[in-house]
Novice: 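Pasting in a structure now, in structure tokens, and then I'll have a few things to ask.
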Amino acid sequence: MVASSGGIIATRCRLESVRTAIAREELQLQVAIIGLGYVGAVTAACLAKLGIDVVGVDTDRHKVDAIAAGRSPIAEPGLDELLAAAVASRRLTTGSLRDAVQRSDVIMIAVGTPSAPSGALDLSAVHRVADEIGASLPRDGRFRTIVVRSTVLPGSTDADVRPRLEAGSGMTAGIEFGLATNPEFLRESSSIRDFFEASRTVIGADDERSARMVSDVYAGVEAPIFVVPIRTSEMVKYTDNAFHAVKIAFANEIASFARANDVDGRDVMKVMMADDRLNISTAYLRPGYAFGGSCLPKDLRAITDCARKTDVDLPLLQAALASNVAHFERGVRLVEETGLRRVGLLGLSFKSSTDDLRESPAVALAERLLGKGYRLSIYDDDIHPDRLRGANRDFIEQHLPHLREVLSDSLRSTLAASEVIVLTKLWPAVAELPSMLRDDQVLIDLVGLPAGAEPPARYAGIGW
Ligand SMILES: NC(=O)c1ccc[n+]([C@@H]2O[C@H](COP(=O)([O-])OP(=O)(O)OC[C@H]3O[C@@H](n4cnc5c(N)ncnc54)[C@H](O)[C@@H]3O)[C@@H](O)[C@H]2O)c1
């Protein structure tokens, strides 16, 4: 199944994938895997198990000899058995890079991309392999697709792999040969299960034919396929790993703080994880503007302050506050970069359908812009100054004492008075907003227009 995200490419591939899966026996797709380390060896064995003919290539003689003998070059549960069966059935063979490229339809690059001493990504093995593949690609009329399976930063396939393949072969990517990415998400020690029971297969491709060929390789895996632009796929891999690292660091910081307060951190995390609506869920993972409101900033400040006093180091939680400030500043910069001075702020409370203004990033943005001499008109259907009470009223009197002078009760009049429109929250009819703008107006989107709303010509999103 091919799912979402790649628009036309994904939808068309779906049909083709099904057709090709049916015709697999006649097609006999041949896959070359360059680099037989953890990723390459597991991919080779699993693809062979799916009935694909695989040829493996590595510069390390020991690894090649082990695989050719049907033994795993690495310690990985179940891999010995899979490799033995793959070699015995002759689905998996080994050979030279040139021979593998010439024999194959899909050529996967799975060499290492370690850290350089500076922390930078060392792409030297990818460079070498891309040069060699380029020089080995024959002009025989057969369309081959080169797939970057190694983990590389967004833009690397375009900047580092594409030109080397084109220079070596004298051919053009996307026309005479295919180019795609297919990041690997396996975890060592459960990699075979991760392959066959994948949550999703990610394919990066900027042309339909390349996407289709890689989809065909995965026709035997029951997982949705996401066909996305190459850069997106490269970024997805880093996003996954960054998220996993942040989750681990978060659990460990919470447990350290808990222990210092005579609480068992394992109990805390168990109860925390039982909330699958807000905690272990997609909630709070949609990019937008800075967080605010009466709880998140206050409670983060309290826990980090308490930790400091009790000598518990919580760099991640402290960084969450700093990160939020940095993100708030990105919003300010987006307005400044327009060079325009009349700003319409759509939304003032900290989220939709509430009039809570406490620590709302939109209030801080209004305060900053007024302080810098911008002419501001604010529209927020949830805010009625006469109805603000208690701490909410105190907060706004302290931060925006002249709220009544800048608050408008009509969306149209705010739009009419503004050169730049800053969208900070959503309301039911927000999809109509772009069509209400003049050609000369700029829309700065801090929340993400709803699906179906076409952004206007002059548009800047905060993370898109
Ligand atoms: N190990 C993992 O759990 C994992 C998971 C997902 C993604 N990745 C990514 O996949 C890529 C490969 O990782 P790995 O752990 O399999 O690396 P690895 O170091 O285990 O294997 C890389 C292999 O490439 C071979 N190689 C190097 N230069 C070559 C060349 N010119 N020609 C042929 N072979 C060559 C090496 O000899 C080695 O066997 C990396 O980008 C990594 O970040 C790794």
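Values below: every heavy atom of this structure, side chains too, minus hydrogens, waters and symmetry copies. Keep in mind that this is a model prediction, so the values were computed, not measured. Counting convention: from 1, in listed order, for ligands and their atoms alike.
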Novice: If you measure from CG on N252 to CG on L316, what distance do you get to the nearest 0.5 Å?
Specialist: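 Going from the CG atom of N252 to the CG atom of L316 covers 10.0 Å.
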Novice: Can you list the ligand 1 atoms lying under 4.0 Å from a non-hydrogen atom of V129?
Specialist: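 It comes down to these atoms of ligand 1: 30 (C), 31 (N), 32 (N).
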Novice: Quick one: which of I133, T113, V111, L123 has a heavy atom closest to atom 11 (C) of ligand 1?
Specialist: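 Result: the heavy atom closest to atom 11 (C) of ligand 1 is in V111.
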Novice: Do the charged groups of D158 and R162 touch, with an N to O distance under 4.0 Å?
Specialist: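 Between R162 and D158 there is a salt bridge, with a charged N closer than 4.0 Å to a carboxylate O.
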Novice: Look at atom 19 (O) of ligand 1 and say which protein heavy atom is nearest, naming residue and atom and giving the distance to 0.1 Å.
Specialist: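 In this structure, atom 19 (O) of ligand 1 has G112 CA, 4.5 Å as its nearest protein heavy atom.
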Novice: side-chain contact (heavy atoms from CB on, under 4.5 Å) for S191 and Y38? Distances and angles first, verdict last.
Specialist: CA-CA 9 Å; S191 61; Y38 284 87; over 6 Å; no
Novice: Does R128 reach ligand 1 with a nitrogen or oxygen that is under 3.5 Å from one of the ligand's nitrogen or oxygen atoms?
Specialist: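 Looking only at distances, the answer is no, because the N/O contact criterion of under 3.5 Å is not met.
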Novice: With heavy-atom distances below 4.0 Å as the criterion, list the atoms of ligand 1 near D60.
Specialist: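 Reading through ligand 1 atom by atom, the close ones are 37 (O).
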Novice: Look at atom 33 (C) of ligand 1 and find which of I109, L97, T59 reaches it with the closest heavy atom.
Specialist: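 Nearest option to atom 33 (C) of ligand 1, by heavy atoms: T59.
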Novice: Testing S233, S150, S156 for side-chain hydrogen bond (donor to acceptor under 3.5 Å, both in side chains) with T181, which one passes?
Specialist: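 Of the listed residues S233, S150, S156, the side-chain hydrogen bond (donor to acceptor under 3.5 Å, both in side chains) partner of T181 is S233.
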Novice: Taking 4.0 angstrom as the limit, do D53 and R91 come out as a salt bridge?
Specialist: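 So D53 pairs with R91 through a salt bridge.
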Novice: Would a search of protein heavy atoms around atom 15 (O) of ligand 1 find one under 4.0 Å away?
Specialist: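 There is a protein heavy atom less than 4.0 Å from atom 15 (O) of ligand 1.
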Novice: At a non-hydrogen distance cut-off of under 4.0 Å, which region of A110 contacts ligand 1 (side chain, backbone, both, or neither)?
Specialist: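 Only the backbone of A110 comes within reach of ligand 1.
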Novice: To the nearest 0.1 Å, how far is atom 1 (N) of ligand 1 from its closest protein heavy atom, and which atom is that?
Specialist: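 For this ligand atom, the closest protein heavy atom is E188 OE2, 2.8 Å.
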Novice: Flag R187 as yes when one of its N or O atoms lies below 3.5 Å from any N or O atom of ligand 1, and as no otherwise.
Specialist: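 There is no such contact.
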Novice: Does the ring of F143 carry R209 above it, NZ/CZ under 6.0 angstrom from centre and within 45° of its axis?
Specialist: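 Yes - R209 lies over the ring of F143, closer than 6.0 Å to its centre and within 45° of its axis.
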Novice: Look only at interatomic distance and state if K63 has a nitrogen or oxygen under 3.5 Å from any nitrogen or oxygen of ligand 1.
Specialist: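 There is such a contact, yes.
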Novice: With a 4.0 Å cut-off, would you call R139 and E176 a salt bridge?
Specialist: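 Answer for the salt bridge query: yes.
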Novice: Among all the protein's non-hydrogen atoms, which is closest to atom 37 (O) of ligand 1, and how far away is it?
Specialist: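 Ranked first by proximity to atom 37 (O) of ligand 1 is D58 OD1, 2.6 Å.
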Novice: Cation over ring, R200 on F185, under 6.0 Å and within 45°?
Specialist: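 Positive - R200 is close enough to the ring of F185 and near enough to its axis.
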Novice: Between atom OG1 of T145 and atom CZ of R212, what is the distance when rounded to the nearest 0.5 Å?
Specialist: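 Atom-to-atom, T145:OG1 and R212:CZ are 9.5 Å apart.
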Novice: Quick check on side chain to side chain contact (heavy atoms under 4.5 Å, CB included): which of L121, L123, L153, V126 does D160 satisfy it with?
Specialist: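 When L121, L123, L153, V126 are each tested with D160, the side chain to side chain contact (heavy atoms under 4.5 Å, CB included) holds only for L123.
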Novice: Among all protein heavy atoms, pick out the one at the shortest distance from atom 42 (C) of ligand 1; state its residue, atom name and that distance to 0.1 Å.
Specialist: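 For atom 42 (C) of ligand 1, the nearest protein heavy atom is T151 OG1, 3.9 Å.
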Novice: For ligand 1, is any non-hydrogen atom under 4.0 Å from V152's backbone (N, CA, C, O), its side chain (CB onward), both, or neither?
Specialist: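 No part of V152 comes within reach of ligand 1.
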Novice: Counting non-hydrogen protein atoms only, what is the nearest one to atom 6 (C) of ligand 1? Give residue, atom name and distance.
Specialist: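 The closest heavy atom on the protein side is E184 O, 3.3 Å.
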Novice: Between the candidates V39, V126, V57, L186, which shows the shortest non-hydrogen contact distance to atom 13 (O) of ligand 1?
Specialist: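 The option holding the nearest heavy atom is V39.
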Novice: Check whether any side-chain N or O of N279 sits under 3.5 Å from a backbone N or O of M272 as a donor-acceptor pair, and report yes or no.
Specialist: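 Yes, the answer is positive, given that a donor and an acceptor are paired below the 3.5 Å cut-off.
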Novice: To which protein heavy atom is atom 21 (O) of ligand 1 closest, and what is the distance rounded to 0.1 Å?
Specialist: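 Minimum-distance protein heavy atom for atom 21 (O) of ligand 1 reads G37 CA, 3.2 Å.
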